[in-house]
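For reference, the structure discussed in these notes is given below.
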Number of protein chains: 2
Amino acid sequence: MRPESDTKQKLLTVAMDLIWESSYGSVSVDDICTKAGVNKGSFYHAFKSKSDLAVAAFERHWESKRPLLDQIFSAQIPPLERLEKYCQAIVNDQKQKYQSFGKMLGCPFCSVGSELSTQDEKIRQKAEQIAVRSLKYLESLIRDLAAEGLIEAKDTAELAEEILSYVTGVLMQAKIENSVKHVERLQHGVMRHLGIKSPSSVTA
Amino acid sequence: MRPESDTKQKLLTVAMDLIWESSYGSVSVDDICTKAGVNKGSFYHAFKSKSDLAVAAFERHWESKRPLLDQIFSAQIPPLERLEKYCQAIVNDQKQKYQSFGKMLGCPFCSVGSELSTQDEKIRQKAEQIAVRSLKYLESLIRDLAAEGLIEAKDTAELAEEILSYVTGVLMQAKIENSVKHVERLQHGVMRHLGIKSPSSVTA
DNA sequence: CTTGCACTATACCGACCGGTCAACTACAGT
DNA sequence: ACTGTAGTTGACCGGTCGGTATAGTGCAAG
């Protein structure tokens, strides 16, 4: 086929969708192949295992989100506004998924990471790597918030980890509660953790 | 057998252990039966499905933790000390599991809840119920902290949800990172979220 | 002794699992 | 036209899945 590897791309997209909607364990290779319109043999020509596909799907999903993240966390934007946009992007994403699927899906990296971290080391490492990448955005944001005197941060790295834990925790609880309500207060909770009082701008 | 249902108890305990160590999807009914020394027939005499067993195991695990929780959150203890003990209990539990299994296991309710919330409504509801029970402890604690003037809490329920999200988020990240380091800062992070400065007592 | 019942034991079910394989196709370089 | 190779196809593998069927056990009440 001409288009490089159409098959690979299709498999990655479909795998991410299916696994995000249910779980790694409950989605079979056949499920993925069927929905992607790809034969079993082609699957194993493109990826050497189901686990391998999951790792690649993680990477691809992150890459697909990067442009938006780079935009949100742009140094051109005042840090407080970055924070707002970040939280809003998460909330919007979750709401959109909720409308599509009728249920809260949470963070795919965390859901699968939490499911498989004790069993599949490669997937655990990938989930960890993505957490580390997320922390880079947050650390930079926190430093800039401190530079503007909005917060006092002696321990930037630790604070970033706390924020990430909180954000992912909220998404997990929202999934368990299967409700958007919880996640809508995300920004408020993040602000409280950072010790920022402000009602800030409207941003609407 | 005399001892009521020894079989049932054994299955519940073994199921919790195995599922906590790996995941719901990767533990089979046969695995559970073998490790519990129970035959398949007896399993399905005691529980009508694997999912049913999981729900019962959740309930049993919570009940086994209740005495400790009631003790930690006793109104006889100053609220700040309750908070410290709560965090310490979690850290100790995680460390102990880490030593036993060589890996971080996180919170079983959250791991399984996150894995199955979109697929098994009964398990989702059980996980949610346990979250609600946990919130009761936290809300009461927060009210008492406010009564002592240690924090200002207009929105007790929301604050309790935030703390629970943070705590479970930390446990999940610790599992993904497979490190105790992260979870050791739990108390510090909780204090920050509550806006309590104090280095407080040593408690060591 | 006999009946009834809670519980156990094991063989078994069809469906499905992740993964393999050899035959095949399409196309690039020669 | 010939060959090497990347990619495709679908039948097929042994094993395992959650769950069932049925026969058998020990025991307490009649």
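Quick note: numbers below take in every heavy atom, side chains included, and nothing from hydrogens, waters or symmetry partners. Residue numbering restarts at 1 for every chain, and letters A, B, ... go by the order of the sequence lines.
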Closest non-hydrogen atom pair, A:Met104 against B:Thr118 | O-CG2, 3.5 Å
Quick one: A:Asp31 CG to C:dC17 P, roughly how many Å, whole number?
-> 6 Å
Could you check whether B:Ser28 gets within reach of a base, just the sugar-phosphate, or nothing at all, counting any heavy atom under 4.0 Å?
-> sugar-phosphate
Less than 6.0 Å separating the ring centroids of B:Phe73 and B:Tyr137?
-> yes
Of A:Ser26 and B:Ser42, the one whose closest nucleotide on DNA chain C sits nearer the 5' end is B:Ser42
Hey, which of these two, B:Gly41 or A:Asp30, hits DNA chain C nearer its 5' end, going by closest nucleotide?
-> B:Gly41
Atom CZ of A:Phe43 and atom P of C:dG18: how far apart are they, to the nearest Å?
-> 9 Å
To the nearest Å, give me how far apart NZ (A:Lys8) and P (D:dG7) are.
-> 7 Å
Please give, in whole Å, the distance from C:dT20 P to A:Lys48 NZ?
-> 11 Å
Between CG of A:Asp6 and P of D:dG7 the distance, given in whole Å, is 12 Å
Taking OP1 and OP2 of C:dG18, is either one under 4.0 Å from a side-chain nitrogen or oxygen of A:Lys50?
-> yes
Round to a whole Å and report the spacing from CG of A:Asn39 to P of C:dA23.
-> 18 Å
Atom CZ of B:Arg133: over 12 foreign heavy atoms under 6.0 Å = yes
May I have the distance from A:Tyr24 (atom OH) to C:dC17 (atom P), rounded to whole angstrom?
-> 13 Å
Separation of D:dC17 atom P from B:Leu53 atom CG, nearest Å, is 15 Å
side-chain N/O B:Thr7 vs C:dT8 OP1/OP2, d < 4.0 Å = yes
Nearest-0.5 Å distance, SG of residue B:Cys107 to CE of residue A:Met172 | 7.0 Å
Side chain to side chain donor-acceptor pair (under 3.5 Å) between B:Ser114 and A:Glu115, intermediate numbers included | CA-CA 8 Å; B:Ser114 176; A:Glu115 176 186 355; over 6 Å; no
Determine: side-chain N/O of A:His45 to OP1/OP2 of D:dT8, distance under 4.0 Å, yes or no.
-> no
Would you tell me if any nitrogen or oxygen in the side chain of B:Tyr44 comes within less than 4.0 Å of OP1 or OP2 on D:dG19?
-> yes
